[in-house]
Each structure stands twice: as C-alpha cells, then as structure tokens.
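Just so it is clear, the model here is predicted, and its values are computed rather than measured. Here is how names work: the chains are called A, B, and so on, in the same order as the sequence lines, proteins then strands, and each is numbered from 1.
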2 protein chains.
Amino acid sequence: MFRLSRGSEYAIRGMLHLALQPQGKISFIDEISAAQKVPRAYLAKIFQTLTKKGFLRSVRGPGGGFALRKDPAEITLLDVIEAMEGEISLNECLIHAGYCEMDSICPVHDIWREAQARFLEFLSECDFSKLAESARLKAKRVKDAAK
Amino acid sequence: MFRLSRGSEYAIRGMLHLALQPQGKISFIDEISAAQKVPRAYLAKIFQTLTKKGFLRSVRGPGGGFALRKDPAEITLLDVIEAMEGEISLNECLIHAGYCEMDSICPVHDIWREAQARFLEFLSECDFSKLAESARLKAKRVKDAAK
DNA sequence: ATAAAAAGGACCTTTTCGGTCTTATTGACA
DNA sequence: TGTCAATAAGACCGAAAAGGTCCTTTTTAT
Ligand code: FES
Ligand code: FES
C-alpha cells in the first residue's frame, strides 16, 4: 500500500509533543497518549524503542516519564522513521548492491535510487525544532481565528 | 516497511519488456516471465489487471499474448504503480481532507503533503519510452564492455 | 512498605503480500 | 468440427507484517 506505518506516525506525534514542552520537562505516557490520541499501551511500546535508540530519556518510578534526550534541532523526521521502520529502501534491489542480478541492465534501478535519495533528503531536512516552531504558529493562528 | 510491492515491480518490468519490443508485437506471458524472472501465474494475474486498466492489449487464442495499448511515452511509472497499489498516500491523514481532526494543528501534515507531491512528481516524469531508451543504452554498454 | 511509573515480553487478531490452482473462454488452424 | 494454445476469472492459501493488548518485573519517590 506504500504508506508510512502508524507506528512511525505515533512516534513522530509523541516526539513532537515532547519537543513542545519546556526543555527537560518529564511527561508521562498517559498524558501524551491522551493528548495525541494514541493507544496508551502501544505508545508505551513505541517509546521503549525510541528510548533504546537514544532519542528519549526515560525516568522510572513515581513522577517518572519521558523527555527528549537530544536537542530537538538534532533530531530529524528521517531519524525517527528509520528508528521505527528500519532502514528505508523503496525497492528490494536497493537494499544491497548485488541483490538484483539485473543491476547493470535494469534502467528502473537508477530511477528508484534517485527517487529514494530525494525523498530521504527531504525528510532529513525536517527537524523537530522546526516542527515545534510551526506547531506553535499553527496553534496561534487557530486561537486568533477563534477570537 | 515502506517498500513498493513486488507486484508493482513485476508490472513495471513486464511493461518495460513490452516497450522494448517492436511496436505492436505480441508477446506471451511465458516468454516475459522467463525473461524477467517473474513467476508465470503471478505475472499473468498482474497483466490481467493492467489490461483492465487500459495499459495493455490482450489477444486470446493461439498466437495470442499481450502488447502495450498506448504509446510508451504516454505511460509513466506513476501510472503503473497507482494501477497496482491504488492511489498513493504516504499517510492516512492525506487520504481525504478531514480524516485527521488535527489537520489545522499538526505541522507534520504539511511535510507529508510536500514530500508526497515531490515524490509523485518525480515518478510521473518517468515514462516508458525513456526507460526503454536507457535500457537500450545500458544493454549496449554491457555488450561493449564484454568485447 | 506502598504505589507510581517504565521495561520487557508473550500473545493475539486482522490485513496485506505474494503467490498457486482450477476452471472457463476465446480463437487459429488442421 | 475438433483440438490445442493462449488469456480470463476467481477461489484459495500460507506467511509475514501491522497494530495492537495484557501481564509480569523492575525501579524509585515518598
Ligand atoms: S529489477 Fe532489480 S534493479 Fe530493476
Ligand atoms: S496527525 Fe493527521 S496530519 Fe498530523
């Protein structure tokens, strides 16, 4: 179906939520899953893997929760998506050179490579400080319009 | 996993095979599936749907087979992929406006829309006459190198 | 000690993928 | 007219992935 997984989407929404908090603030899963409308248990699992991958800092025990481990500007959309889905390749043939015996003949190969490169580049240009910024702008616009 | 389906790949390889034949030449499934290393029965099914979608012309009975129905230059990669996978949208939220209640707030939405637009544009710029052309070039290069 | 959090992992249902197989049709040709 | 070579149509299937749930363990603030 060629669609990003829900897991990635949830991960991104969750991280964005954290990026919008005051720096270093610990939020807990319940709050985030409610705010972002993501199933609690699922989000918990997602945050576990994001923690293992080094994007989040987790604190256990009462008052515990999650916060970003890195500067939002240091985390790109691509990073998060790859953390969730593994390395992205549009096509089996792109996974490792040599997988496809037709490499040297098949002209579609080059198209995939180029399309993928552009796509990844675009995603890697988008970091969470930018996302947070534009989320704030959007929220403001909505508020202003309501007045 | 964010990968194009094999179905699309096979479809593209099959169409490319046809695009490389002299115009109007009828090829049969057996020949194509052997040349492109695609399971015969599967390719047959794929060609059925490509026929229904108007990309191929099919001829039944002895000596029957398939040929392109349109000028190769009139068929783009995007056309074929969409024929196989349905309309592409990177994200559930992009399928129809209004699906996602967070449209007006979520900043990721715009990123998806843009990324998708670029991706689709790229694929729609690649038609089968170009592909055939570069396939011929590649084949020639391989042959020359073998000398 | 208690309770509030995350960590870890087993398990589960539904959907999609990537096919196969069987049974029609169709039509060229002997 | 019968036979055979081809596609058409569609039922069916196993494996994998998506998208979760649930339960137990560990940590830790109070
Ligand atoms: S089929 Fe492998 S690169 Fe085209
Ligand atoms: S969550 Fe729907 S657009 Fe971002």
Query - Protein-nucleotide distance (A:L43, atom CG; D:dC22, atom P), rounded to Å - result: 16 Å
Report task. Please state whether the phosphate of C:dC17, meaning OP1 or OP2, lies under 4.0 angstrom from any side-chain nitrogen or oxygen of B:Y42. Result -> no
Query - A:F2 or A:G64, whichever maps to the more 5' nucleotide of DNA chain C - result: A:G64
**Report entry** Minimum side-chain heavy-atom gap A:F47-A:I29 below 4.5 Å
**Finding:** yes
Query raised in the report: Can you check the A:R13 CZ to D:dG19 P distance for me, whole Å?
Result: 13 Å
Requested in this report: Examine the base of C:dG19 for any acceptor or donor lying under 3.5 Å from a partner atom in the side chain of B:K45, and report the outcome as yes or no.
Outcome: yes
Query - Nearest-Å distance for atom pair CD1/P, residues A:I46 and C:dG8 - result: 16 Å
Query raised in the report: With distance as the sole criterion, is a donor-acceptor pair present between the side chains of B:E85 and B:S8 under 3.5 Å?
Result: yes
**Report entry** Options D:dT21, D:dA8, C:dA6, nucleotide nearest the side-chain atoms of A:I29
**Finding:** C:dA6
Query raised in the report: Does A:R60 make a side-chain donor-acceptor contact with the base of D:dT28, cut-off 3.5 Å?
Result: no
Query raised in the report: On DNA chain D, nearest-nucleotide positions of B:G61 versus A:S5: which is more 5'?
Result: B:G61
Report task. Taking only the side-chain nitrogens and oxygens of A:S58, find out if one of them lies under 4.0 Å from OP1 or OP2 of C:dA7. Result -> yes
Query raised in the report: Can you check the B:E9 CD to C:dG18 C1' distance for me, whole Å?
Result: 13 Å
Report task. Using the closest heavy atom to pick a nucleotide of DNA chain C for each, name whichever of A:F47 or A:M1 lands nearer the 5' end. Result -> A:F47
Query raised in the report: Considering only side-chain heavy atoms of B:F28, which listed nucleotide, D:dG20, D:dA8, D:dA6, is closest?
Result: D:dA6
Requested in this report: Looking only at side-chain atoms of B:P62, point me to the closest of C:dT20, D:dT7, D:dC4.
Outcome: D:dC4
Query raised in the report: Whole Å only: how far is the CZ atom of B:R40 from the C1' atom of C:dG18?
Result: 17 Å
**Report entry** Given DNA chain D, 5'-ward residue of the pair B:E92 and B:S27, judged by closest heavy atom
**Finding:** B:S27
Query raised in the report: Given atom CD1 of B:I26 and atom P of D:dA5, what is their separation to the nearest angstrom?
Result: 18 Å
**Report entry** Separation of C:dA5 C1' from A:E31 CD (nearest whole Å)
**Finding:** 13 Å
**Report entry** Minimum-distance nucleotide to B:K52 side chain [options: C:dA6, D:dG19, D:dA9]
**Finding:** D:dA9
Requested in this report: Check whether the ring centres of A:F28 and A:F66 lie less than 6.0 Å apart, and answer yes or no.
Outcome: no
**Report entry** Pair B:D110 + A:K138: basic N to acidic O under 4.0 Å
**Finding:** yes
**Report entry** Whole-Å gap separating P (C:dA5) and CD (A:Q48)
**Finding:** 16 Å
Requested in this report: Output the single nucleotide from D:dT7, C:dT20, D:dG20 whose closest atom is nearest the side chain of A:P39.
Outcome: D:dG20
Query raised in the report: Do A:F119 and B:F2 have ring centroids that are under 6.0 Å from one another?
Result: yes
Query raised in the report: Considering only heavy atoms from C-beta outward, does the side chain of A:I32 approach that of A:R40 to under 4.5 Å?
Result: no
